[in-house]
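What follows is a set of notes on a single structure, which appears directly below.
For clarity, every value in this text was computed on a predicted model and none was experimentally measured. Below, read A as the first sequence line, B as the second, and so on, with proteins coming before strands; counting in each chain starts at 1.
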2 protein chains.
Amino acid sequence: MGVTSKQPTPRIRKSPEQVRSAVHQAVIDLLSASGGAELTIPAIAQHAGVNHTSIYRRWGSREALLADVVTTRLERDWPLNDTGTLRGDLTAWAEAGVASIRTPEGRLLVRAVALSMPSSGHMQAERAQHFQRRLHSIERIRERAAARGENPPPVEQILDQLIAPLYLRAIFGIDPPASGYPELLVDRLLGTTGAPGTA
Amino acid sequence: MGVTSKQPTPRIRKSPEQVRSAVHQAVIDLLSASGGAELTIPAIAQHAGVNHTSIYRRWGSREALLADVVTTRLERDWPLNDTGTLRGDLTAWAEAGVASIRTPEGRLLVRAVALSMPSSGHMQAERAQHFQRRLHSIERIRERAAARGENPPPVEQILDQLIAPLYLRAIFGIDPPASGYPELLVDRLLGTTGAPGTA
DNA sequence: ACGGTGAAGCAAACATCTGTGCTTACGATG
DNA sequence: CATCGTAAGCACAGATGTTTGCTTCACCGT
């Protein structure tokens, strides 16, 4: 007994990368479990098996942590590819989006984008970083299309007719139509070029 | 001294209705001021000049209070009128929405709708009552239009092309185009019947 | 006018979140 | 192999939010 008690601090420590991974996963888990209500730093830390000070020191705030997790996950699961045509790019983006928001996790992530915004009146300009990057990527799609001689719609219109429906459905948990939804949205946006889709 | 000190409790008490009104206004004020970050029960109580226990006992939770305020205000500022035609109804609704989300207060209110939802996986069905009521009202507009012999688009499409753009802009704080936006949205939705609006 | 019910106010306990100083392990560098 | 810097873990303190028991007033019906 006296021998074994001579362990001042046999504490096992996680590497920074392990901490990062565990915390990210914990955020996802708690997001799925309680929907963000009990998404507090101590709770996340406990769920991740990490000391809460590690989270405070590394991320500083709940919002920053959320933004980090959301950006990482969403840019992995909902990427922006280059298919060679404007219609192809937009359709691919919409398809990835539909796939994403069919899963509870995907919906929660999009919702968390809104949650992670400070929105403090005077920070109006800073918006969600994620959302800004997303819009910037849309800009790049448009520029590529323009360089090819295509005539892309303005960003505002893409926002209204492509981004808004997908994001809103994610946020409010409204399932998209069972089939053909990505094509439907793109058709509405670009017009049905030689394909009478809308009845 | 003995006389004036003989005031056991000269406390002035607000009537339940005064409390309700003051608290609602305080929520709006703090929402506009700090964007919801400092929207805590004690802060609301102090700003309203009410004891915080009154709030805790009456509303129970911050979410319930928010939902109450939001529903009340939004249904007053963003109503659903009957203008006699489908296009008129939808345009009026969109105009009210645009006016609403031009003010910081309106944006925050809509944002609060999205964020106040429990959304805990299993509560998927319960979603925002506000949003359900809103959709139900849209249904009524459609029914009225159908009764008049008009051919209203399906709810899904109204959701995608009218509700989604307005709500998304509110949630992410993106200002709508300066002029003609309500008409633009309705034109996209119903088609430009004898009015070549889209360039 | 009288008494009962309900809700607001007060105070204090209670729980929880947030932040800091320090110690200690891990990995990189010479 | 020794040393140094970085970051995780621990303990504790401070602040903030939440809840409860009790008192007191206002309203409403009898």
Rounded to whole Å, please give me the gap between [atom1] in [X] and [atom2] in [N].
X: B/Arg62; N: D/dT19; atom1: CZ; atom2: C1'; result: 17 Å
X: A/Arg13; N: C/dA25; atom1: CZ; atom2: P; result: 7 Å
X: B/Ile55; N: C/dC10; atom1: CD1; atom2: P; result: 13 Å
X: A/Tyr56; N: D/dA11; atom1: OH; atom2: C1'; result: 16 Å
X: A/Glu38; N: C/dT16; atom1: CD; atom2: P; result: 11 Å
X: A/Arg58; N: C/dG19; atom1: CZ; atom2: P; result: 18 Å
X: A/Glu17; N: C/dG27; atom1: CD; atom2: P; result: 13 Å

Quiz item: Can you pull the ring-ring contact (aromatic ring centres under 6.0 Å, His included) pairs that have at least one residue in residues 92-112 of chain B, sequence neighbours excluded?
Solution: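 Qualifying pairs: B/Trp78-B/Trp93.
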Exercise. Evaluate whether atom CZ of B/Arg140 has more than 12 neighbouring non-hydrogen atoms of other residues, nucleotides or ligands under 6.0 angstrom away.
Key: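 For B/Arg140, atom CZ is not crowded (no more than 12 foreign heavy atoms under 6.0 Å).
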Exercise. Might you confirm whether atom CD of B/Gln46 has over 12 heavy atoms from other residues, nucleotides or ligands at distances under 6.0 Å?
Key: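 It does not: B/Gln46 CD has 12 such atoms or fewer within range.
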Exercise. May I have the step-by-step check of side chain to side chain contact (heavy atoms under 4.5 Å, CB included) for B/Leu185 and B/Leu166, ending in yes or no?
Key: CA-CA 10 Å; B/Leu185 290 178; B/Leu166 290 175; 4.2 Å; yes
Quiz prompt | A/Arg142 side chain to A/Pro153 backbone, donor-acceptor under 3.5 Å | solution =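 The answer is yes, because a donor-acceptor pair under 3.5 Å joins these two groups.
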Quiz item: Any side-chain donor paired with an acceptor under 3.5 Å for A/Asp160 and B/Tyr181?
Solution: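 There is such a pair between these side chains.
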Quiz item: Distance only, no hydrogens: is a donor on one side chain within 3.5 Å (strictly under) of an acceptor on the other, for A/Thr53 and A/Asn51?
Solution: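 Yes, because at least one side-chain N or O of A/Thr53 sits under 3.5 Å from a partner of the opposite role on A/Asn51.
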Exercise. Decide yes or no, distance alone: a donor-acceptor N/O pair under 3.5 angstrom between the base of D/dG9 and the side-chain of A/His52.
Key: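 A donor-acceptor contact between them is absent.
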Practice problem: Determine whether any donor atom in the side chain of B/Arg57 lies under 3.5 Å from an acceptor atom in the base of D/dT19, or the reverse, and answer yes or no. | Solution: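 Per atom types, no contact qualifies.
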Self-check item: Those residues of residues 39-47 of chain B lying under 4.0 Å from DNA chain D by at least one heavy atom
Solution: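 Within this stretch, B/Thr40, B/Ile41, B/Pro42 sit under 4.0 Å of the strand.
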Quiz item: Does a nitrogen or oxygen in the side chain of A/Asn51 sit under 4.0 Å from OP1 or OP2 of D/dC10?
Solution: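 So the side-chain polar atoms of A/Asn51 do come within 4.0 Å of the phosphate oxygens OP1 or OP2 of D/dC10, strictly under.
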Quiz item: Under 4.0 Å between a side-chain N or O of B/Ser15 and OP1 or OP2 of D/dA26?
Solution: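 Checking D/dA26 against B/Ser15, no side-chain N or O comes under 4.0 Å of OP1 or OP2.
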